[in-house]
Colleague: 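Following this message is one structure expressed as structure tokens.
So you know, we letter chains A, B, ... as the sequences are listed, proteins then strands, and number each from 1.
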There are 2 protein chains.
Amino acid sequence: MDDDQLDLVFGALADRTRRAILARLAETDSNVNDLTALFTMSQPAISKHLKVLEGAGLVSRNRQGTMRLSHLEAEPLKDATGWLADYREYWDASYARLDALLDSLKKEKS
Amino acid sequence: MDDDQLDLVFGALADRTRRAILARLAETDSNVNDLTALFTMSQPAISKHLKVLEGAGLVSRNRQGTMRLSHLEAEPLKDATGWLADYREYWDASYARLDALLDSLKKEKS
DNA sequence: GTTATCTATAACCAAGTAGTTATGGAGGTC
DNA sequence: GACCTCCATAACTACTTGGTTATAGATAAC
């Protein structure tokens, strides 16, 4: 994952409204009106947030009749987690042990 | 972890210079001059970035003679990872299984 | 084709961000 | 106390961001 992409993903996550939108989309695909109803904010504001999320690859949209349903695309969150994982040893004392466990799990799978 | 804190942490991580600073501090504590030498940027710009990182709790500083050494504080990264973990099931098919494993590890520890 | 609904876009505003140069303050050293 | 060195702060600029209202575009229904 390159710096441009990380800039976009972390930037998208740096706003509580956008995080709340992702939380909602984790439950169910939603249209702009549904999302607008959840916040004390205008519809264009929500559309803008969706555009940011879409730009970071965190949301996809497809027409469903007259509506456009927003759908969570979690893949970039995996990459962000991957970046954070490099620092895990600095906060998780049991990281080394956990790491070994995950390695053995991988081997078992392959 | 509350929204204010997540805003600060993700916001701090949304800049590649600041991520690079964290990468450096993961290797060794550094003073402002050292960090400035690593980037094509003025010293006050680096001082500003450090202030943002400090505000997010990602960096602490203590005087060491005439220098102020910046030190990585990784705890907030743990919290950010915790937030992202809520979405793990959406990108990691083997999450459920992994989760069970971690649970058993916790029990074993306690 | 008119109308209604849903959403995107345009134009604007206030505030924040990322950088600059210039300068001042705090800590050692002589 | 004079002088360096290290760093922070001030003042400024250009750009971005997060919101607004007003409006236009696309699709479906009648």
Side-chain angles (χ1 to χ4, degrees), chain A residues 2-25 28-73, chain B residues 2-25 28-73:
Chain A
D2 60 14
D3 275 330
D4 287 336
Q5 189 59 22
L6 283 173
D7 284 355
L8 291 173
V9 172
F10 282 130
L13 297 181
D15 182 285
R16 69 193 64 196
T17 301
R18 287 194 290 267
R19 290 196 303 276
I21 289 175
L22 291 181
R24 160 72 173 192
L25 296 183
T28 175
D29 290 359
S30 308
N31 66 29
V32 173
N33 270 353
D34 289 345
L35 293 171
T36 300
L38 294 177
F39 303 94
T40 59
M41 203 176 290
S42 67
Q43 171 262 309
I46 299 296
S47 285
K48 275 196 189 180
H49 282 306
L50 285 172
K51 207 169 192 175
V52 173
L53 290 167
E54 207 174 6
L58 288 165
V59 158
S60 64
R61 287 193 272 183
N62 63 325
R63 269 211 154 348
Q64 201 79 2
T66 177
M67 297 186 305
R68 294 186 69 194
L69 285 184
S70 291
H71 176 76
L72 175 66
E73 298 288 344
Chain B
D2 61 14
D3 274 329
D4 287 336
Q5 188 60 22
L6 283 172
D7 284 355
L8 290 174
V9 172
F10 283 130
L13 297 181
D15 182 285
R16 70 194 64 195
T17 300
R18 287 194 289 265
R19 290 197 302 276
I21 289 175
L22 292 181
R24 161 72 174 192
L25 296 182
T28 175
D29 290 0
S30 309
N31 65 29
V32 173
N33 271 354
D34 289 345
L35 292 171
T36 300
L38 294 177
F39 303 94
T40 58
M41 203 176 290
S42 67
Q43 172 263 308
I46 299 297
S47 285
K48 275 196 190 180
H49 282 306
L50 284 173
K51 206 169 191 177
V52 172
L53 289 167
E54 207 174 6
L58 288 165
V59 159
S60 64
R61 288 193 270 183
N62 63 325
R63 273 216 122 60
Q64 201 80 1
T66 177
M67 298 186 306
R68 292 186 69 193
L69 285 184
S70 291
H71 176 76
L72 175 66
E73 297 288 343

Colleague: Rounding to a whole Å, what distance do you find between B:Ile21:CD1 and D:dC7:P?
Modeller: 13 Å

Colleague: Could you state the CZ-P distance from A:Arg16 to D:dG18, rounded to the nearest angstrom?
Modeller: 12 Å

Colleague: Separation of B:Phe10 atom CZ from D:dT17 atom C1', in whole Å?
Modeller: 19 Å

Colleague: What heavy-atom pair brings B:Val59 and B:Ser70 nearest, and what distance separates the two atoms?
Modeller: CG1-CB, 4.0 Å

Colleague: Pick the nucleotide of DNA chain D nearest each of A:Asp15 and A:Gly65; which residue has the one closer to the 5' end?
Modeller: A:Asp15

Colleague: For B:Lys51, answer base if it contacts any base atom (sugar-phosphate contacts may also be present), sugar-phosphate if it contacts only those atoms, and nothing otherwise; contact means non-hydrogen atoms under 4.0 Å.
Modeller: sugar-phosphate

Colleague: At under 4.0 Å, does any side-chain N or O of A:His49 touch on OP1 or OP2 of D:dG19?
Modeller: yes

Colleague: Just N and O in the side chain of A:Asn33: are any of them under 4.0 Å from OP1 or OP2 of C:dT5?
Modeller: no

Colleague: Choose from D:dC6, D:dT21, D:dA8 the nucleotide whose nearest atom is closest to any side-chain atom of A:Ser42.
Modeller: D:dT21

Colleague: Check every atom of D:dA28, D:dA8, D:dC6 against the side chain of B:Thr66 and return the nucleotide holding the closest atom.
Modeller: D:dC6

Colleague: Once you round it to whole Å, what is the distance between P of D:dA28 and CD of A:Gln64?
Modeller: 10 Å

Colleague: Taking any heavy-atom pair under 4.0 Å as a contact, classify A:Arg18: base, sugar-phosphate, or nothing.
Modeller: sugar-phosphate

Colleague: When rounded to the nearest 0.5 angstrom, what distance separates NE2 in B:His49 from CG in B:Leu22?
Modeller: 11.5 Å

Colleague: Tell me which of A:Val52 and B:Lys48 sits closer to the 5' end of DNA chain D, going by the nucleotide each one is nearest to.
Modeller: B:Lys48

Colleague: Just by distance, do the side chain of A:Arg68 and the backbone of A:Arg61 share a donor-acceptor pair under 3.5 Å?
Modeller: no

Colleague: Can you tell me if the side-chain N/O atoms of A:Arg68 get under 4.0 Å from OP1 or OP2 in C:dA8?
Modeller: yes

Colleague: Within this structure, what is the CE-to-P distance between B:Met41 and C:dT20, rounded to whole angstrom?
Modeller: 6 Å

Colleague: Starting at CG of B:Leu69 and ending at C1' of C:dG27, how long is that distance when rounded to a whole Å?
Modeller: 14 Å

Colleague: Drop me the distance from A:Thr28's OG1 to A:Leu69's CG, to the nearest 0.5 angstrom.
Modeller: 8.0 Å

Colleague: Specify the separation, in whole Å, of atom CG of A:Leu50 and atom P of D:dG19.
Modeller: 12 Å

Colleague: To the nearest 0.5 Å, what is the distance between CG on B:Leu35 and CG on B:Leu50?
Modeller: 5.5 Å

Colleague: Closer than 4.0 Å, any side-chain N/O of B:Asn31 to the OP1 or OP2 of D:dC6?
Modeller: no

Colleague: If you check the A:Pro44 side chain, which of C:dA10, C:dT7, D:dA8 turns out closest?
Modeller: C:dA10

Colleague: Round to a whole Å and report the spacing from CD of A:Gln43 to C1' of C:dT7.
Modeller: 5 Å

